[in-house]
Amino acid sequence: MKKRGKGIGSIFYGTGYGNGFPDVSRSVAVLRKDGKVKIYTGATEVGQGSKTVLSQIAAETLGISIEDVIFICEDTSITPDAGTAAASRQTYNTGNAIKKSCEELKRKIIDVTVKASGADAWEEINLRDVALNHKGQILKGEGEFIAETTEMKDETGQGNPYWPYTFNVYGVEVEVDTTNGVVEVIKAVCAQDVGRAINPKLIEGQMDGGFAMGLSYALFEDLNIKNGEIKHNKLTNYLIPTAMDVPDLEKIIVEDPEATGPYGAKGIGEPVMIGVAPAILNAIYDAIGVRITELPATPNKILLALKKKREVAL
């Protein structure tokens, strides 16, 4: 017999290293002789789209096309430290550092332009002309951003361990086959707080990826450790979902700009994964009335839980 159930999972997530640990990002913006701008920062691109988003922040700050931004990263010999690609911090932390470096570069360009030509508005300035007329002068701006967190005080519980926080809610509908214990996710929706959506397509990609990872964590992935040895040490027995196992995700982007973020943006890399498993487990409970307390919720565990439920009822 197949039974359906619905469940929700809601989370909040603190961005960055947190709890008073120094969370620093740095950036340098340099005007090239062809009028394009080079951004130097140590932010690492690991597929999350940081190069694109951070380039957009630079372009917006300088009022130039993103094609005129040359983004240099992942080279420790020439880029300033921007911290790790972890804790969903690059858009917020390094985005702020890049914004600051571009604002400083912009001020310097305006300063030399006013002295040279009397231009008094940024819209009147041609960056290529500025670069050509100041060949001997390297115009650059530097930016540093430190996230504002304070350590929690044990005796009072007061503090500001993370900033900012991001929020989301997942809703899922599952179908549980009580004869073989197989759980299938039929429908799913995610409402994700993003602060300000700098690149909605990248956000949707993060939501899709996070949902697939969360579903995999909830229903498939099992290291099967026995006496300290990983038994499921290859993809033939360490199962992950295929495209057939992942339903279309309805994605709702919630924009509530964060005052301290670059143009109001927050990072969402990890938050989009966290609420999936709780939502699925709640939906399983709604469908068959048993709580699964150990992941993944494999067919064997589902059948065992149903058996115990029947035994208690007798």
Side-chain angles (χ1 to χ4, degrees), residues 10-29 39-46 48-62 71 73 76 79-107 140-169 192-199 202-203 206 210 253-275:
S10 179
I11 69 103
F12 69 96
Y13 180 90
T15 301
Y17 302 144
N19 209 27
F21 188 88
D23 195 351
V24 184
S25 284
R26 298 180 179 88
S27 168
V28 176
I39 301 295
Y40 294 88
T41 186
T44 302
E45 171 66 64
V46 292
Q48 80 278 35
S50 65
K51 285 183 179 179
T52 300
V53 169
L54 297 176
S55 295
Q56 286 181 262
I57 291 171
E60 179 69 19
T61 306
L62 293 167
F71 197 81
C73 64
T76 55
T79 61
D81 185 18
T84 60
S88 303
R89 57 178 293 283
Q90 284 296 353
T91 293
Y92 178 76
N93 261 64
T94 305
N96 269 320
I98 287 173
K99 187 170 183 286
K100 285 187 171 186
S101 68
C102 290
E103 287 170 344
E104 182 178 306
L105 174 62
K106 186 174 180 177
R107 284 193 295 270
K140 72 176 182 178
E142 298 183 14
E144 177 182 271
F145 179 79
I146 304 174
E148 295 186 11
T149 68
T150 54
E151 187 176 357
M152 290 285 287
K153 303 299 181 182
D154 292 338
E155 65 274 15
T156 64
Q158 299 301 302
N160 188 26
Y162 290 96
W163 195 261
Y165 287 88
T166 186
F167 309 85
N168 72 33
V169 176
Q192 175 66 53
D193 158 44
V194 303
R196 174 74 74 188
I198 291 180
N199 191 310
L202 283 180
I203 291 171
Q206 291 273 30
I253 295 175
V254 180
E255 291 192 274
D256 182 16
E258 164 57 43
T260 64
Y263 300 105
K266 298 179 182 181
I268 65 157
E270 288 151 313
V272 290
M273 182 182 69
I274 300 171

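On a predicted model such as this, the values are computed, not experimentally measured, just so you know.
- Smallest separation of non-hydrogen atoms from I39 and S27: CG2-OG, 3.9 Å.
- Taking every heavy atom of both residues into account, K51 and C73 meet most closely at CE-SG, 3.3 Å.
- Not a single side chain to side chain donor-acceptor pair (under 3.5 Å) links T41 to another residue, sequence neighbours left out.
- The side chain to side chain donor-acceptor pair (under 3.5 Å) check on E151 picks up nothing, with sequence neighbours excluded.
- Among residues two or more places apart in sequence or in another chain, the side chain to side chain contact (heavy atoms under 4.5 Å, CB included) test is passed with E144 by V24, R26, I146.
- What you find for T61 and C102 is that their closest heavy atoms are CG2-CB, 3.7 Å.
- Under the 3.5 Å distance criterion, the side-chain polar atoms of E45 are matched with a main-chain donor or acceptor of G49.
- Looking at every heavy atom in both residues, N96 comes nearest to P262 through OD1-N, 3.4 Å.
- In this structure, the side chain to side chain donor-acceptor pair (under 3.5 Å) partners of Q192, at least two apart in sequence or on a different chain, are T166, N168.
- For E103, the salt bridge (Lys or Arg N to Asp or Glu O under 4.0 Å) partners two or more places apart in sequence, or in a different chain, are K99.
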Listing, residues 13-23 side-chain donor-acceptor contacts under 3.5 Å, not counting sequence neighbours, or none:
unit_1 : atom_1 : unit_2 : atom_2 : d
Y13    : OH     : E270   : OE1    : 2.4
T15    : OG1    : P164   : O      : 3.2
Y17    : OH     : T84    : N      : 2.9
Y17    : OH     : T84    : OG1    : 2.9
N19    : OD1    : M152   : N      : 2.9
D23    : OD1    : R89    : NE     : 2.7
D23    : OD1    : R89    : NH2    : 2.8
D23    : OD1    : N93    : ND2    : 3.3
D23    : OD2    : Y17    : N      : 3.1

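- Side chain of T94 to main chain of T91: no donor-acceptor pair is present (N/O by atom type, distance under 3.5 Å, no hydrogens or angles).
- For T260, the side chain to side chain contact (heavy atoms under 4.5 Å, CB included) partners two or more places apart in sequence, or in a different chain, are Y92, W163, E258.
- E60 is linked by a salt bridge (Lys or Arg N to Asp or Glu O under 4.0 Å) to nothing, counting only residues two or more places apart in sequence or in another chain.
- Judged purely by atom type and a 3.5 angstrom limit, E104 uses its side chain to pair as donor or acceptor with the backbone of E142.
- One finds the CZ atom of F145 at 8.5 Å from the OG atom of S25 (value rounded to the nearest 0.5 Å).
- Residues S88 and P271 come closest through the heavy atom pair OG-CD, 3.3 Å.
- Residues forming a side chain to side chain contact (heavy atoms under 4.5 Å, CB included) with F167 (at least two apart in sequence, or on another chain): F12, Y165, D193, K266.
- Taken from CD1 in I11 to CE in M273, the straight-line distance is 10.0 Å, to the nearest 0.5 Å.
- Here OG of S50 is found 9.5 Å from CG of L202. Values are rounded to the nearest 0.5 Å.
- Listed by chain and residue number, L62, I110, W122 satisfy the side chain to side chain contact (heavy atoms under 4.5 Å, CB included) test with K106 (two or more places apart in sequence, or in another chain).
- Put simply, the side chain of Q56 gets close to the backbone of I198: a donor and an acceptor are under 3.5 Å apart.
- Residues N160 and E148 bring no donor and acceptor atom of their side chains to less than 3.5 Å of each other.
- A donor-acceptor distance shorter than 3.5 angstrom exists from the side chain of Q48 to the backbone of V46, with no hydrogens or angles considered.
- Atom-to-atom distance recorded for I57:CD1 and I98:CD1 is 6.5 Å, nearest 0.5 angstrom.
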